[in-house]
Structures are given as structure tokens and as C-alpha cells.
Amino acid sequence: MASLPSFPGIGTLKLEPDSTTSLSTDKSPSISYPRSRKFIQSDSNFESLRSLNFQESLSVIKDGSKIDTSCYVPLLQECIENNSFSGAQNLHSHIIKTGTHRDVFVMTFLVNVYAKCGAMESARKVFDSLPRRNVVAWTTLMTGYVHNDQPDAAISVFQKMLEFGSFPTIYTLGIALNACSAIGSLELGKQIHAYSIKYRIDHDTSVGNSLCSLYSKCASLASAIKAFLKVEEKNVISWTAVISACGDNSKAVKGLRFFTEMLADNVEPNEFTLTSVLSMCCTMLSLSFGAQVHCLSIKLGYETNLRIRNSIMYLYLRCGWFLEALRLFNGMEDMSLVTMNSIIAGYGEMMELAKDDLSAYHNGTEALNIFSKLNNSGFKPDLYTFSSILTICSKMFALEQGEQIHAQTLKTGYLSDMIVGTALVNMYNKCGSIERASNAFREMSARTLISWTSMIAAFAQNGQTQQALQLFDDMRLIGVRPNQVTFVGVLSACARAGMVNEALGYFETMQKDYKIKPVMDHYSCLIDMFVRMGSLDEAFDLIKNMDFPPNESIWSLLLSGCRRDGNNELGFYAAEKLLELKPKDAETCLLLLNIYESAERWEDVSKVRELMKEKRLEKLTDWSFMSIHDKVYSFNPNERQAYGAEMYELLDELVDKAKSVVGYESLESFTLHGEEVQHSEKLAVAFGLLKIPDAAPIRIIKNIGMCNGCHNFMKAISSLNAREIIIRDSKQLHKFVNGKCSCGDYGGLL
């Protein structure tokens with residue numbers, strides 16, 4: 001007596017083998033029965049039907065011609081090929097009329113037809129009406145459920161099959177294991193594995209492949225590899241399964257090793273193997289290995305395969321090989337949504353790696369063009385499309401385009417998606433519209449930790465401390481556990497408001513209650529707070545007590561406070577540390593040059609100038625740009641003739657007005673050898689006042705940090721002209737409204 005391991009809900013089954021029952025080793029999913037003597041005698045009728053089309057054949061049968069029941073098979077097969085549910089229904093009706101419904105072979109085939117057409121309810125009704133059921137019928141129904149994304153139903157059928165005493169074939173076990181993979185049922189999969197070991201079929205290729213996939217999806221890579229190694233006759237599916245298992249379980253190096261072993265065994269990879277390998281190359285940013293796979297794919301005839309081309313293009317984009325990726329994209333005759341998404345995301349990567357903000361903006365513009373092409377080509381954007389393009393809008397400062405995409409997400413129903421909603425919050429925040437960011441957050445039907453954290457950071461960056469802390473309390477109240485990034489936003493909010501006790505309390509709570517170890521960003525917030533409060537000694541003590549060396553951001557914060565408070569000794573120390581970390585940064589060198597010149601430390605001035613000469617940092621390019629009606633305008637102080645006399649007349653008028661406002665200083669920072677220049681953001685704001693309607697904010701991107709003089713100038717103009725001015729420099733976002741800046745009048749010192 002054979003005992004099968006217990007399955008959930010059915011207990012241990014006792015299977016009594018007899019002379020008519022055996023453990024089948026059939027591997028084929030097709031239904032194949034020998035033709036009966038009667039069928040052989042009616043071959044002429046069968047061949048005559050094959051020469052007719054579906055409707056003609058059915059008409060012949062309706063006319064009452066005597067025909068063998070097996071002649072339904074080609075007509076049923078045609079229903080599968082044409083995905084014709086109505087044709088299957090017509091045949092089903094005729095089968096019942098002729099009494100053929102008592103034929104198990106025909107009715108089992110009909111179950112298969114309904115399943116292939118996606119009509120599982122009809123397939124189940126036919127199955128339930130079968131006069132008797134063999135293993136083929138059970139397996140056919142299970143296969144239909146798996147292929148139609150109903151794995152739970154497939155498992156239920158498998159359990160009932162065992163209850164009825166029908167022995168599974170190898171193919172049946174493979175389908176059952178696939179169903180276990182789909183629902184993540186490792187326990188049930190292990191029971192089937194034990195059954196296969198008991199009957200010594202775990203070495204079978206089909207079973208081994210299914211076991212490997214099951215263990216992979218259940219995050220048990222070691223078991224997946226063991227199942228693969230047990231397979232005696234490994235085919236391309238076997239190798240692909242174990243390679244994919246390594247990739248899915250973050251073992252890309254191991255997966256590439258299996259790939260090389262596969263090639264050494266002279267097994268030719270298919271498109272799924274190659275896409276899996278290319279995905280792992282993306283994970284490892286292994287351009288050289290990926291390029292070799294690209295060459296192999298061409299050699300194997302996959303040069304035009306869309307899936308492989310998409311994978312190669314994305315690899316090149318991830319590795320910064322943008323020109324080659326664009327060449328692939330432009331050479332594609334057929335594209336998919338994945339293609340479009342990849343190239344849009346690639347342009348986002350190019351923005352991050354661009355040599356300057358203007359180049360980054362042009363890359364973003366190209367991404368927007370691709371997005372427009374996507375909309376016009378019949379593709380429907382998905383959540384990945386919207387997430388990528390909204391991120392690009394945030395980098396471009398492109399609020400107008402972001403608003404249009406917001407409207408499209410609302411129209412297509414993706415606004416409710418958490419990923420898209422979070423991307424909207426970030427976009428509005430980085431474009432300086434905290435009100436719209438808050439509205440987008442409130443409109444989200446569900447929120448993740450990232451959503452909460454993004455909104456808390458947005459309130460903090462815009463100086464709305466109370467809103468940030470209240471949101472933090474709301475988040476904890478509903479049971480969302482903060483992470484280290486969340487606390488960066490909370491500490492930043494406290495720092496901007498000078499809430500020392502609250503900040504230190506949150507810092508302690510983070511460590512004691514949430515067991516989060518402080519990182520550089522947490523210390524940066526606290527040092528920022530002490531510097532803003534004028535407590536330079538406390539800030540320096542905190543720096544000395546950190547568990548890791550300070551970065552350039554920490555020393556920049558301390559240096560800015562020393563400049564403001566006139567603490568030259570500590571300021572010079574911070575300046576030297578900053579120079580050690582960023583010796584090739586022109587902005588840092590010019591900052592130090594001006595500090596030493598103001599203190600008349602001429603020896604240090606000479607050292608910095610010599611360093612600048614050695615590193616070829618004599619020139620610091622200062623420029624700003626803005627977008628008006630999708631046209632980009634750039635501003636450079638050395639190109640006076642490019643903007644027209646009207647703009648300079650207005651700028652002179654604005655400067656005169658600003659001088660009458662208390663607190664405005666005309667002195668510009670970052671001058672070279674004592675030469676004063678008119679900084680680019682002043683040119684941009686004058687141009688914006690001329691060209692942008694009165695009610696609209698002026699948005700400017702600047703490639704370096706704003707100086708204190710320009711910062712005060714923008715405060716004055718926002719008050720005098722009742723105009724909202726938003727400038728994003730290399731340090732942070734500045735939102736000037738009614739003579740005040742969101743940075744708390746501190747940004748001009750950084």
C-alpha cells in the first residue's frame with residue numbers, strides 16, 4: 001500500500017495500485033489517444049472534413065452525414081487556434097445532439113478548448129459532466145486553471161483527483177508545482193517534492209524544472225539549485241530556471257556562472273535565458289559581460305527580438321552607455337511600452353550624470369518628447385511611465401508639464417496608485433508648490449512609508465515645521481513605523497524652526513524606541529540647527545563626537561556659521577577641512593579665496609590661487625536658466641548683448657529699488673580677483689518679470705549656490721513686486737514670498 005504525504009484539507013491518502021493503475025511518466029501536455037477501428041474505417045470522411053473550413057465542416061455534420069466522433073478533433077483544434085469561444089459552443093451543442101457527449105476523449109478535448117479560450121466556467125461544467133474521469137481529464141482542467149491565473153482552483157482539483165484515487169502523471173505534478181509557485185505555497189510544494197522522491201521521479205526534467213521554479217519563488221535558492229542538480233537530462237528550460245532563480249534571489253554572480261556552465265555544456269540559450277542574464281548584468285552594472293551577451297544574441301539570430309533589445313538597451317542606459325542605447329532605440333521598427341519606459345527612465349539616468357544642469361534639462365526635454373510620442377502612438381502609459389516622467393519633471397523644475405501629467409493620471413485612473421501619488425508629491429515639492437504637494441498627498445487613497453516620509457520632508461524643506469511634525473505624529477498614530485529617512489525630515493523641520501529640545505528628543509527617540517543608528521544626514525540636521533542658533537561650539541562638539549568622519553556638507557554648514565558670526569579661527573579650520581575633501585571644486589575654492597582675502601591672509605590666498613591654477617579652476621561658470629512656454633532661456637553674466645536693452649534697464653531699476661529696502665546688500669560673492677559681476681539669477685528674474693504673466697511665479701534653476709547679496713535682492717524684489725520667485729541652486733530650493741525665503745534667510749550663507 002502506497003502512502004501519499006498529507007495535503008492541506010484532505011489528510012493522508014491511501015492509494016491502492018492495481019493492474020490498471022500505475023504511476024505514469026507521460027510528459028506531454030497534449031491529449032493523445034489511439035484511433036479506434038471505427039475511426040480508421042471512416043478515414044475518408046475525416047479527410048474530406050479536413051479539406052473544408054470550420055463552418056462548412058459543421059454544416060456537413062448538421063446535414064446528417066455519418067461521421068466518426070473523432071472527426072470533431074480538427075474542428076475543436078481550429079477553435080483553439082482561432083480562440084473561438086462561440087465556435088466551441090456551437091460544436092458543444094452539436095456534440096450533445098449527436099450523443100457524442102458520452103465520449104470521454106471528445107469531452108476532455110472540449111475541456112481543453114474552453115480552457116484555452118479562457119472560459120473556465122464552461123470548462124468546469126463539461127468536466128463535471130464527464131461520465132468518467134481519467135488522469136488526462138484531471139490534468140487538463142488543472143492546466144486550464146493555472147494558465148488562466150486561478151492556481152487555487154488548480155490545487156483544489158489536484159486534491160480532489162487524489163481523493164478519487166487517480167494517480168498523477170509527471171506532467172500533472174509539474175502543473176501542481178506551478179500552481180504552488182503561483183500562490184507561494186512552499187509547504188504544499190515540499191509535499192509534492194517528497195512524493196516525487198518516493199517514486200524516484202525527482203530526477204525527471206519536467207518535475208525538476210518545476211521544483212526549481214517553486215523554490216526560487218519561495219526564496220529558497222539553495223533548494224532550487226539542489227532540485228536543478230538532481231535533473232539528469234537538463235534542457236534549456238532547466239538552465240534558464242536556475243539562472244533566473246539566482247537573479248530573483250539577489251545572487252547575480254552565481255547566476256552568470258551557471259550561464260557560462262550552460263554554454264560550456266553546449267546548451268543554446270533561448271530568449272528567456274538571455275533576458276534573465278541581461279537583467280543580472282543590469283543589477284551588477286556589468287557592461288562588459290552584457291556587451292558579450294549582446295554579441296551572442298546577434299549570433300543566435302535574436303537581433304530583432306524585442307524583449308532582448310529592450311533588455312540590452314536598458315543595460316546600456318544603466319551603465320551610462322547612452323549613445324549606444326539611443327542607437328538601439330532609434331533603430332527599432334517595433335516598440336513596446338517597455339521600450340518606451342526604458343528610454344524615458346534612461347533619460348532620467350542621463351540627467352543625473354549630466355555635466356551641468358542645462359545638459360540635464362535638455363535630456364529631460366527629450367524624455368518629455370518620448371512621452372508625447374508614447375501617447376500619440378497608441379500605447380497607454382502605466383504606473384512606471386508616470387513615475388519616471390514625473391520624476392523627470394521634478395528634476396527639470398517643469399511644473400507646467402507636471403500638472404498636465406497629473407491630469408492624465410487622474411483621467412487614466414493611476415492617481416490612486418501609491419507609486420504615482422508619491423511621485424506627484426515629490427514633483428510638486430521640488431517645483432516649489434507645497435500646497436499642491438499637500439493636496440496630492442491628501443488625494444492618495446492609500447499611503448506607504450515613502451509617501452509619508454516624502455510629505456514630511458516637503459513640509460520641512462518649505463519651513464512648515466508644525467505641519468511636518470503633526471504629519472509625523474499622524475503617521476505613527478495609524479501604525480506606520482518611521483525609518484531613518486523619516487527622521488531626517490523630522491530633524492530638518494526642527495532645525496529650521498530652532499526647536500533644539502524637540503530635535504534632541506526626536507534624536508533620542510529614534511535610537512531608543514526605533515533602534516535606528518544615526519547616520520551622517522541626522523548629524524547634519526542637528527549641526528544645521530546649532531549653526532542657525534549661533535551655537536558654533538555645540539555644533540563643533542557634535543562634529544568631534546560623531547562615529548565617522550564629517551563630509552563636505554558638515555564642514556560647509558560650520559563654515560557658513562563662522563562667516564556669519566565672525567568666528568575666523570574655527571572658520572579657517574572648517575575651510576581647510578572642506579578644501580581637503582573637495583580640492584577640485586571651483587565653487588569651494590572661490591569661497592575659500594574670498595574668505596582669506598576678507599581676512600587679509602595673503603599667504604593662504606596665494607596657496608588657494610596656486611591650487612586653482614594647478615587644477616585649472618580659474619573660471620567659475622555662473623549661469624541660470626528658465627523655461628517659458630516650453631522654450632528654454634539661459635543667462636550668463638558675460639553675454640550682455642543676448643538679452644536686450646529693455647531687460648538691463650529693468651534690472652538697473654530693480655537694483656535701485658532693492659537698495660532702498662533695509663537688509664539688501666549689493667556685495668556679490670564668488671568674485672574673482674576682486675572683480676564684481678552681475679550674477680545670472682538677477683538677469684533671469686528681470687527677464688521673467690518682462691515675459692511671465694503677473695500672477696505666475698518665476699522659476700529659475702542656478703548651477704551654483706546663491707550668494708548672500710543675490711539672496712537679499714530676491715527677498716526685496718518679491719516684496720516690492722508682490723511676486724513669488726522660486727530658485728533652485730546647487731544647495732537647496734529657495735521660495736521667496738513677500739520678502740521672506742523658505743530657507744529661513746540661511747541659504748545665502750551656504
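These numbers come from a predicted model, not from an experiment.
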Q: Classify the side-chain pair N90/S93 by whether it contains a donor and acceptor separated by less than 3.5 Å.
A: no
Q) Is there a donor in the side chain of T422 and an acceptor in the side chain of S454, or the other way round, less than 3.5 Å apart? A) no
Q.
Quick one, R309 and H294 - any side-chain contact, counting heavy atoms below 4.5 Å?
A. no
Q.
Return the CG to OG1 distance between N134 and T140, rounded to the nearest 0.5 Å.
A. 8.0 Å
Q | Closest heavy-atom pair and its distance - V106, D103 | A | N-OD1, 3.0 Å
Q. Which atom pair, heavy atoms only, marks the closest approach of S377 to M340?
A. OG-CE, 4.1 Å
(Q) Assess, by modelled atom type and distance only, whether the side chains of N341 and T385 contain a donor and an acceptor separated by less than 3.5 Å. (A) yes
Q: Answer with yes or no after comparing the ring centroid distance for F228 and W239 against a 6.0 Å cut-off, counting only values under it.
A: yes
Q.
Would you say S388 and T391 are linked by a side-chain donor-acceptor pair, where the criterion is simply a distance under 3.5 Å?
A. no
Q. Do other residues, nucleotides or ligands put more than 12 heavy atoms under 6.0 Å from the CD1 atom of I237?
A. no
Q) Quick one: do the T486 and N483 side chains pair a donor with an acceptor below 3.5 Å? A) yes
Q: List the atom of C281, the atom of L256, and the distance in Å for their closest heavy-atom pair.
A: SG-CD2, 4.4 Å
Q. Got a sec, which residues hit side chain to side chain donor-acceptor pair (under 3.5 Å) with N375, two or more places apart in sequence or on another chain?
A. Q408
Q) Within a reach of under 6.0 Å around CG of L186, are more than 12 heavy atoms found that belong to other residues, nucleotides or ligands? A) yes
**Q.** Distance-only side-chain donor-acceptor flag, S244 / S276, under 3.5 Å
**A.** yes
(Q) For I478 and R447: C-alpha separation, side-chain torsions, deciding distance, then whether side chain to side chain contact (heavy atoms under 4.5 Å, CB included) applies. (A) CA-CA 11 Å; I478 66 170; R447 304 179 181 103; over 6 Å; no
Q) Counting only heavy atoms not in E303, do more than 12 sit closer than 6.0 Å to its CD atom? A) no
Q: Find out whether P168 and L162 are in side-chain contact, i.e. whether some heavy atom of one side chain is under 4.5 Å from a heavy atom of the other.
A: yes
Q. Between Y199 and Y195, what is the ring plane arrangement, given parallel below 30°, perpendicular above 60°, and tilted in between?
A. tilted
Q. Listed by chain and number, what are the salt bridge (charged side-chain N to carboxylate O under 4.0 Å, His left out) partners of K230, not counting sequence neighbours?
A. D202
Q: Just do the ring pair (Phe, Tyr, Trp, His ring centres under 6.0 Å) check on W138 and F127 with the steps written out, would you?
A: CA-CA 8 Å; W138 289 103; F127 176 83; 5.0 Å; yes
Q | Where A227 and G208 come nearest, the two heavy atoms and their spacing | A | CB-O, 4.2 Å
**Q.** Between T339 and N310, a side-chain donor and acceptor under 3.5 Å
**A.** yes
(Q) Just so I know, are the side chains of N83 and K116 near enough to count as touching, which here means a heavy-atom distance under 4.5 Å? (A) no
Q) Can you find a pair of side-chain heavy atoms, one from E268 and one from V236, that are under 4.5 Å apart? A) no
Q: Output all residues satisfying salt bridge (charged side-chain N to carboxylate O under 4.0 Å, His left out) with D128, sequence neighbours left out; order by chain, then residue number.
A: R124
Q: Indicate yes or no: at least one non-hydrogen side-chain atom of P269 is less than 4.5 angstrom from one of M262.
A: yes
Q: Would you indicate whether F289, at its atom CZ, is surrounded by more than 12 heavy atoms from other residues, nucleotides or ligands within a distance under 6.0 Å?
A: yes
Q) Can you find a pair of side-chain heavy atoms, one from M280 and one from I243, that are under 4.5 Å apart? A) yes
Q. Which heavy-atom pair separates L383 from D417 by the least distance, and what is that distance?
A. CD2-OD1, 3.6 Å
Q: State, to 0.1 Å, how close M444 and G421 come at their nearest heavy-atom pair, and which atoms those are.
A: SD-C, 3.9 Å
Q: Rounded to the nearest 0.5 Å, what's the gap from CD1 on I192 to CG on L177? Could you check?
A: 4.5 Å
Q. Under the side chain to side chain contact (heavy atoms under 4.5 Å, CB included) criterion, do N235 and V267 qualify, and how do the steps go?
A. CA-CA 7 Å; N235 58 17; V267 179; over 6 Å; no
Q: List in chain and number order the residues that pass ring-ring contact (aromatic ring centres under 6.0 Å, His included) with Y314, two or more places apart in sequence or in another chain; answer none if no residue qualifies.
A: none
Q) Relative to Y514, does R481 satisfy both conditions: NZ or CZ under 6.0 angstrom from the six-membered ring centre, and within 45 degrees of the ring's axis? A) no
Q: Nearest 0.5 Å please: distance from the CG atom of N112 over to the CG atom of L141.
A: 10.5 Å
Q. So, T275 side chain and E271 main chain: donor-acceptor pair closer than 3.5 Å or not?
A. yes
(Q) Please evaluate residues L274 and N270 with respect to the criterion side chain to side chain contact (heavy atoms under 4.5 Å, CB included), reporting the C-alpha separation (whole Å), side-chain torsions for both, the decisive distance (0.1 Å), and the verdict. (A) CA-CA 6 Å; L274 294 174; N270 60 21; over 6 Å; no
Q.
Nearest 0.5 angstrom please: I343 CD1 to L317 CG, how far?
A. 5.0 Å
Q: State whether the number of non-hydrogen atoms from other residues, nucleotides or ligands found under 6.0 Å of D265 atom CG is greater than 12.
A: yes
Q.
Let's go through S213 and S216 carefully: what are the C-alpha distance in whole Å and the side-chain angles of both, what is the deciding distance for side chain to side chain donor-acceptor pair (under 3.5 Å) to 0.1 Å, and is it a yes or a no?
A. CA-CA 5 Å; S213 297; S216 170; over 6 Å; no
Q | With H101 via ring-ring contact (aromatic ring centres under 6.0 Å, His included) - residues at least two apart | A | none
Q: Begin from the C-alpha positions of I155 and C180 and carry the test side chain to side chain contact (heavy atoms under 4.5 Å, CB included) through to its verdict.
A: CA-CA 8 Å; I155 292 296; C180 293; 3.9 Å; yes
Q: Check the side chains of T172 and T139 for a donor-acceptor pair under 3.5 angstrom, ignoring hydrogens and angles.
A: yes
Q | Interatomic spacing from OG in S286 to CG in L315 - rounded to 0.5 Å | A | 8.0 Å
Q: Spell out, as yes or no, whether a donor-acceptor pair under 3.5 Å connects the side chain of S416 to the backbone of G413.
A: yes
**Q.** Modelled atom types, side-chain donor and acceptor of N209 and S206, under 3.5 Å
**A.** no
Q. Under 3.5 Å, side chain of S84 to main-chain N/O of I80, donor-acceptor pair present?
A. no
**Q.** Within the 6.0 Å centroid threshold, strictly below: W452 and F441
**A.** yes
Q: Using the test ring-ring contact (aromatic ring centres under 6.0 Å, His included), find all partners of Y414 that sit at least two apart in sequence or belong to another chain.
A: F386
Q) Atom NZ in K226, atom SG in C212: separation rounded to 0.5 Å? A) 13.0 Å
Q. Can you check whether S238 reaches T205 side chain to side chain, under 4.5 Å on heavy atoms?
A. yes
Q.
Contact between K254 and I225 at the side-chain level, heavy atoms closer than 4.5 Å - yes or no?
A. yes
